[in-house]
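Encoded as structure tokens, the structure appears first; notes follow it.
Letters go in sequence order (proteins before strands), and every chain restarts at 1.
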Amino acid sequence: MSSVRVRFAPSPTGFFHIGSARTALFNWLYARHTGGVFVLRIEDTDKERNTEESLQILLDGMKWLGLDWDEGPDVNGDYGPYFQSQRTSIYQEYLKKLQDAGRTYERDGAIFFRLEGERYSEFDDYKKCEIEKVRAAPQVIDDKVRGRVERAEEKDFVIFRSNGEPVFHFVNVVDDIAMGITHVIRGEDHLSNTSKHCELFRAFGAEPPVFAHIPLILKSSGPGKMSKRDEGALIEDYEQNCYLPGAVRNYLCLLGWSPKDDQEIMAIDEIIDRFDFDGINQGNARFDEKKMAHINAEYIRQLPLETLAWMVSPILVKSGLMDTSSDEDYFQDVLRVSQEKMTALNTLPSLIGYFFTEDYPLDDKTRSRIFKKGDPVDRVIEFLSTMDGVDEFTSESIDAFFEDLSARNGFKKFEYFPVIRFAVSGTGGGPELLPMLEVLGKDRVKSRLECFIKKVS
RNA sequence: GUCCCGUUCGUCUAGUCAGGCCUAGGACACCGGGUUUUCAUCCCGGCAACAGGGGUUCGAAUCCCCUACGGGACGCCA
């Protein structure tokens with residue numbers, strides 16, 4: 001039995017940031033690795049930004065990534081409620097403890113937390129004014145990622161605003177105590193807050209949890225950490241763009257954590273098994289959309305055909321290429337020959353669209369390439385006029401037919417292939433030609449070739 | 001400005017804690033070749049890094065110090 005309790009404590013802001021998602025992921029991985037409990041706590045004290053919709057985006061994102069929580073919204077636990085907006089009485093109770101201990105005072109209507117130590121006054125270059133400082137004892141944390149970090153807080157800080165609401169540092173610590181959180185895994189941007197939090201833990205007579213400050217995700221180019229405006233920063237966009245959640249999750253695992261051998265594509269169970277603090281890096285990681293796309297492509301190509309089919313079907317329906325009455329066997333055949341060429345699901349309408357419509361566009365670049373030397377249409381006419389001789393329309397028989405044709409008239413196969421591909425698909429790429437022709441079927445190929453001849457003549 | 005954290009190919013990283021096994025490994029990207037007589041797949045090859053300077057040591061990517069650079073925090077935001 002494990003006693004580990006970790007939490008992810010997002011505040012709903014209307015989007016699910018990739019950095020938050022990775023923090024959630026690392027907490028989740030650690031909980032699953034240790035057999036501990038993963039708590040989802042919603043920090044919704046900022047009333048302005050917290051709407052029902054914002055919460056939904058967050059929960060959807062968590063579910064999409066497969067990060068299930070053991071306690072939190074919709075999942076009852078012994079430490080609820082899990083919305084900070086519903087915990088005001090708990091905060092009042094804890095505030096009273098500090099007040100009774102003489103660790104608070106009021107100024108300008110706000111309640112401050114009083115540090116212990118020698119007080120003095122100093123000009124603050126940052127705030128450009130004289131402020132009261134405190135020589136407090138340094139708080140030493142034994143960070144699981146960074147090792148020993150020592151920092152002294154030097155100013156009293158607000159714990160309740162003048163409007164009566166508690167601030168982040170206060171609720172965060174109180175909830176961690178009240179919810180029995182044992183390990184706090186969060187972004188490095190909180191490292192400097194940790195001395196504040198330790199002061200509070202100690203003032204409450206509680207031993208601080210184990211801290212692990214994970215590196216931040218930096219924008220792919222330019223300075224600074226990833227912000228919501230950067231390309232690829234929002235989890236909901238990946239869902240929108242038909243990324244596979246497992247691929248996104250796999251990539252996120254690799255940003256700031258390493259299994260230490262050269263493995264990259266890993267099943268989630270294996271990652272859970274191998275995930276631990278010593279695999280977490282100290283340096284920040286720069287986001288790389290190309291690598292993300294690469295891992296997504298690997299996942300797509302490994303997908304079982306049935307799974308691929310139900311993922312792709314709505315995409316094609318949406319783009320108007322397919323409807324519910326479409327031929328299921330044909331659809332599966334198309335996917336079977338095309339899967340190895342796929343790199344992204346949202347580009348599928350352009351990659352395999354021609355399988356589903358007779359009104360496919362002819363790519364200009366390919367057209368000029370094919371028509372550069374001589375008139376290849378003759379070849380199409382020739383093939384069309386003799387293709388009735390092919391009984392079974394399979395890769396093998398079509399291949400044999402071309403061999404035969406070549407032997408008779410002296411043309412090489414490659415003098416037929418490009419133009420025939422172009423004629424039946426309008427593109428210069430795609431699956432291997434012969435299997436593709438087989439899937440399209442004799443009738444479709446024949447009528448497309450006829451149309452093509454009319455179109456280009 | 002003050003405090004905290006960091007720094008290995010363009011990028012993610014292995015190697016650092018326990019100094020010799022490192023001629024520094026893998027992956028993405030890029031470049032070249034091949035397969036596929038197509039391509040956005042696949043295979044092979046190539047390019048490319050220990051931030052700089054001082055120490056310690058027989059020996060330093062690895063330990064120590066300094067500098068530079070990067071990141072973060074310094075809110076009655078979270």
Side-chain angles (χ1 to χ4, degrees), chain A residues 9-13 20 43-46 48-49 84 107-112 122-128 143 145-147 149-155 157-169 171-172 187-196 213 215-216 218 220-221 223-225 251 254-265 278-279 281-295 297-298 300-301 338-344 347 350-351 366 369-370 402 412-422 425 427-434 436:
Chain A
S11 82
T13 50
S20 300
E43 304 214 335
D44 56 350
T45 48
D46 182 356
E48 308 293 307
R49 286 193 288 184
Q84 288 186 334
R107 188 199 292 161
D108 302 330
I111 300 173
F112 281 71
E122 193 177 82
F123 186 80
D124 187 305
D125 279 330
Y126 185 72
K127 287 192 160 181
K128 304 285 180 225
D143 194 280
V145 174
R146 274 145 226 290
V149 179
E150 190 179 309
R151 187 169 180 275
E153 202 54 35
E154 43 187 22
K155 283 177 285 192
F157 54 92
V158 173
I159 51 175
F160 271 75
R161 287 189 268 273
S162 50
N163 67 4
E165 287 174 4
V167 307
F168 162 74
H169 301 300
V171 292
N172 199 262
E188 200 222 60
D189 48 344
H190 285 292
L191 189 54
S192 342
N193 290 329
T194 308
S195 53
K196 277 192 185 72
H213 286 94
L216 303 180
L218 269 28
S220 53
S221 62
K225 59 178 174 174
Y251 174 69
L254 265 20
L255 266 190
W257 174 80
S258 162
K260 304 285 186 192
D261 56 20
D262 295 326
Q263 288 227 79
E264 292 195 326
I265 308 289
D278 60 8
N281 294 102
Q282 315 197 8
N284 293 335
R286 205 170 280 279
F287 178 75
D288 184 350
E289 62 271 24
K290 292 228 177 90
K291 183 120 184 187
M292 168 79 260
H294 167 78
I295 289 179
E298 296 264 333
I300 290 171
R301 285 179 227 118
S338 312
Q339 183 174 21
E340 65 169 7
K341 304 290 178 177
M342 294 182 186
T343 55
T347 60
S350 64
L351 183 71
T366 312
R369 196 187 75 215
I370 285 171
F402 273 115
K412 300 276 191 242
K413 275 198 288 186
F414 71 80
E415 290 174 271
Y416 292 96
F417 278 32
V419 66
I420 287 174
R421 170 187 294 283
F422 181 63
S425 74
T427 80
E432 284 181 47
L433 181 66
L434 269 13
M436 175 186 144

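Pair check for B/C21 finds none; no Watson-Crick or G-U wobble contact set falls under 3.5 Å. In this entry B/G59 has no Watson-Crick or G-U wobble partner, no candidate having both defining distances under 3.5 Å. Within the shown strands, B/C31 is the pairing partner of B/G45 under the Watson-Crick or G-U definition, both distances less than 3.5 Å. With a 3.5 Å ceiling on both atom-pair distances, B/G75 lacks any Watson-Crick or G-U wobble partner. Within the shown strands, B/U7 is the pairing partner of B/A68 under the Watson-Crick or G-U definition, both distances less than 3.5 Å.
Straight-line distance between the P atoms of B/U16 and B/U56: roughly 25 Å, to the nearest whole Å. Remark: the separation of the C1' atoms in B/C31 and B/A78 is 46 Å, to the nearest Å. With P as the reference atom, B/U62 and B/G53 are 12 Å apart, rounded to whole Å. Across B/U23 and B/C28, the matching C1' atoms stand 25 Å from one another, rounded to whole Å. B/C43 sits 43 Å from B/C5 when the C1' atoms are compared, rounded to a whole Å. Separating the C1' atom of B/G6 from that of B/U13 is a span of 16 Å, rounded to the nearest Å. Look at the P atom in both B/A29 and B/C66: the space between them is 41 Å, to the nearest Å. Using atom P as the reference point in both B/C3 and B/C30, the two lie 44 Å apart (nearest Å).
You'll find the side chain of A/Asp189 reaches within 4.5 Å of the side chain of A/Lys225, heavy atoms only. Within the 4.5 Å cutoff, the side chain of A/Glu43 has no heavy atoms near those of the A/Pro10 side chain. The shortest distance between side-chain heavy atoms of A/Ser425 and A/Met436 falls below 4.5 Å.
Taking every side-chain heavy atom of A/Leu351 into account, B/A40 is the closest of B/C76, B/A40, B/A78. Checking B/U37, B/A29, B/C76 against the side-chain heavy atoms of A/Lys290 singles out B/A29 as nearest. Candidate nucleotides B/C76, B/U41, B/A73 were compared by shortest atom distance to the side chain of A/Asp108, and B/C76 ranks first.
Classification of the A/Phe402-A/Tyr416 ring pair by plane angle, with boundaries at 30° and 60°, yields tilted.
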Between the protein and nucleotides 12-15 of chain B, which nitrogen or oxygen pairs are less than 3.5 angstrom apart?
from: B/C12; atom 1: OP1; to: A/Arg286; atom 2: N; distance (Å): 2.9
from: B/C12; atom 1: O2'; to: A/Leu254; atom 2: O; distance (Å): 3.2
from: B/U13; atom 1: OP1; to: A/Gly256; atom 2: N; distance (Å): 2.6
from: B/A14; atom 1: OP1; to: A/Asn281; atom 2: ND2; distance (Å): 3.2
from: B/A14; atom 1: OP2; to: A/Asn281; atom 2: ND2; distance (Å): 3.0
from: B/A14; atom 1: O2'; to: A/Lys260; atom 2: O; distance (Å): 3.4
from: B/G15; atom 1: OP2; to: A/Lys260; atom 2: NZ; distance (Å): 3.3

Strictly under 3.5 Å: I want the nitrogen or oxygen pairs between protein and nucleotides 1-4 of chain B, one per line.
from: B/G1; atom 1: O2'; to: A/Asp125; atom 2: OD2; distance (Å): 2.9
from: B/C3; atom 1: O2'; to: A/Arg151; atom 2: NE; distance (Å): 3.1

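Spacing between atom CE of A/Met342 and atom C1' of B/U41 amounts to 11 Å, rounded to whole angstrom units. Between the CD atom of A/Glu165 and the P atom of B/A78 there is a distance of 8 Å, rounded to whole Å. When rounded to the nearest whole Å, the span between CD of A/Glu298 and C1' of B/C42 equals 11 Å. For the pair A/Leu216 CG and B/A78 P, the interatomic distance rounds to 19 Å; values are reported in whole Å. The CZ-C1' distance, from A/Phe168 to B/A78, rounds to 6 Å in whole Å. Separating the CE atom of A/Met436 from the C1' atom of B/U41 is a distance of 16 Å, rounded to the nearest angstrom. Straight-line distance from the CG atom of A/Asn193 to the P atom of B/G71: 19 Å, rounded to whole Å. The NE2 atom of A/His294 sits 15 Å away from the P atom of B/G26 (whole-angstrom rounding).
Between the side chains of A/His294 and A/Thr343, no donor-acceptor pair of N or O atoms lies under 3.5 Å. For the 3.5 Å distance criterion, the side chains of A/His169 and A/Asn172 fail to qualify, holding no donor opposite an acceptor.
Residues satisfying the side chain to side chain contact (heavy atoms under 4.5 Å, CB included) test with A/Ser162, not counting sequence neighbours, are none.
Rounded to the nearest 0.5 angstrom, A/Asp288 CG and A/Leu254 CG are separated by 11.5 Å. Here the CZ atom belonging to A/Phe168 is positioned 11.0 Å from the CZ atom belonging to A/Phe157, to the nearest 0.5 angstrom.
A donor-acceptor pair under 3.5 Å is absent between the side-chain atoms of A/Arg161 and the main chain of A/Val167, judged by distance alone.
Residue A/His169 is in base contact, counting any heavy-atom pair closer than 4.0 Å across all strands shown. As judged by a 4.0 angstrom heavy-atom cut-off over every strand, A/Gln282 is placed among residues touching the sugar-phosphate backbone only.
Residues A/Phe422 and A/Phe417 place their aromatic rings such that the two centres sit no closer than 6.0 Å.
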